[in-house]
There are 2 protein chains.
Amino acid sequence: MLTAIHTAVGELVGERADKITFPMIAERAGVNPTTLYRRWKDVNALMEEVAAAALTRDGDPVPDTGSLEQDLTQWADIIARDITRPMRVRYLRAMVAARIDIVVGCSVTEARLEQAVLMVDRARERGETTPTAAQILDHVIAPLYHHVVFALPVDPGYARRLVRDVLTMAR
Amino acid sequence: MLTAIHTAVGELVGERADKITFPMIAERAGVNPTTLYRRWKDVNALMEEVAAAALTRDGDPVPDTGSLEQDLTQWADIIARDITRPMRVRYLRAMVAARIDIVVGCSVTEARLEQAVLMVDRARERGETTPTAAQILDHVIAPLYHHVVFALPVDPGYARRLVRDVLTMAR
DNA sequence: GCCATAAAGCAACGATCTTTGCTTTGATGA
DNA sequence: TCATCAAAGCAAAGATCGTTGCTTTATGGC
């Protein structure tokens, strides 16, 4: 029941991010629109719930190659591939539009920060000189998201360039 | 007439970025809704026009202090103050939501790029070693917008820190 | 000054969303 | 098993949006 609703929202976000209504969701989920109107304040409230479930997803494994440069390159590449998927782009847009950033955006960023901290800590234990985790967020993650949200190109070499840039800060 | 419509849209964006309709705009502007339905394809088309007019605004003067670090610091500070204004934040959100990024987002980014090029060129003529204009966009502008869009804090020192970071790339 | 064309207003219609009262289903505990 | 209460379905009414045909106004050329 509830999962049917969540998947229905997910499908609709994947198809048309513009103008998703309760009746649409209800039809897909095979429930009565009234149920949705009664349970959630509005469509954004439901979307927030779905986005939180979809994006706060489990800990992706963090690369551990033995060199921070390799780790970051792989990591940035994975993220770049992930957030440029049309479906994911629409999720991001929908999130921003629905103002669910305060809740979800922060949790996503925090997850990325934790991953960065992990890689940086390992590198430091190996004796490498590293940028801070916050710098990695600012100079690798932020530009990637910026390009996605504003529909700027994210070619394969771009993530690599960002990693190269942030590493020069450590020297 | 046309300006009345534009200002009406601006007001509405400033108040409620969610669900702006032609009848709302028409009422504010003192015109008939039909006029809007006939002239613009949909609300997004009108929003795009207004956003373009509001954001492509004239060439803000670019700082010219005689040192790139000073220039960038002042510039980033101005931008940070500008894009954190509640009204501007709502504009950005509305833009992203309405998918008018492809048109407007690019033009805004291009304007920033031109400004960065100007400052970098001047610095190079003075003999300074500088990052590229593209790097300034990636590592100063992008993190600022990222923080705004995802509702992360943009305290005064943040812009300064970004500038410091990007300058270390040039050495 | 008059006519032609384009733009804006008006009004009515249809479609869709949203709300609300009431009924039905289903799960829980005595 | 039955009683009870919460949650879901149903149906009708109300509100808003979006569309379209027609009328009115204004602007420019002759």
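A note on names: the letters A, B, ... follow the listed sequences, proteins ahead of strands, and every chain is numbered from 1.
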**Student:** Please determine whether side-chain contact (heavy atoms from CB on, under 4.5 Å) holds for the pair A:R88 and A:T84, giving the CA-CA distance in whole Å, both sets of side-chain angles, and the decisive distance to 0.1 Å.
**Tutor:** CA-CA 7 Å; A:R88 188 65 59 148; A:T84 52; over 6 Å; no
**Student:** For B:E114, which residues count as a salt bridge (charged side-chain N to carboxylate O under 4.0 Å, His left out) partner, sequence neighbours excluded?
**Tutor:** none
**Student:** Would you list the pairs meeting salt bridge (charged side-chain N to carboxylate O under 4.0 Å, His left out) in which at least one residue belongs to residues 34-43 of chain A, sequence neighbours left out?
**Tutor:** none
**Student:** I'd like to check the ring pair (Phe, Tyr, Trp, His ring centres under 6.0 Å) partners of A:H146; sequence neighbours left out, ordered by chain and number.
**Tutor:** A:F150, B:Y145
**Student:** Check the distance between D:dC17's P and B:I20's CD1 and give it to me in whole angstrom.
**Tutor:** 12 Å
**Student:** In this structure, how many angstroms lie between the C1' atom of D:dT20 and the CZ atom of B:R39, rounded?
**Tutor:** 19 Å
**Student:** Rounded to whole angstrom units, what separation is found between the CD1 atom of A:I5 and the P atom of D:dA8?
**Tutor:** 7 Å
**Student:** Can you run down the salt bridge (charged side-chain N to carboxylate O under 4.0 Å, His left out) pairs that involve residues 148-161 of chain A, sequence neighbours left out, and say none if there aren't any?
**Tutor:** A:R161-B:D138
**Student:** By side chain to side chain donor-acceptor pair (under 3.5 Å), which residues pair with B:E27, not counting sequence neighbours?
**Tutor:** none
**Student:** Using side chain to side chain contact (heavy atoms under 4.5 Å, CB included) as the criterion, list what pairs up with B:D121, not counting sequence neighbours.
**Tutor:** B:V117
**Student:** Report, as a single string ordered 5' to 3', how protein heavy atoms within less than 4.0 Å touch nucleotides 12-22 of chain C: B base, S sugar-phosphate only, - not at all.
**Tutor:** -----SBBBBB
**Student:** Could you pull out all residues at least two apart from B:E11 that satisfy side chain to side chain donor-acceptor pair (under 3.5 Å)?
**Tutor:** B:R28
**Student:** Using the 3.5 Å cut-off, write out each protein N or O paired with an N or O of nucleotides 24-28 of chain D and the distance between them.
**Tutor:**
none

**Student:** Expressed in angstrom and rounded to an integer, what is the separation of B:M1 atom CE from C:dA7 atom P?
**Tutor:** 13 Å
**Student:** May I have the distance from B:W40 (atom CH2) to D:dT19 (atom C1'), rounded to whole angstrom?
**Tutor:** 17 Å
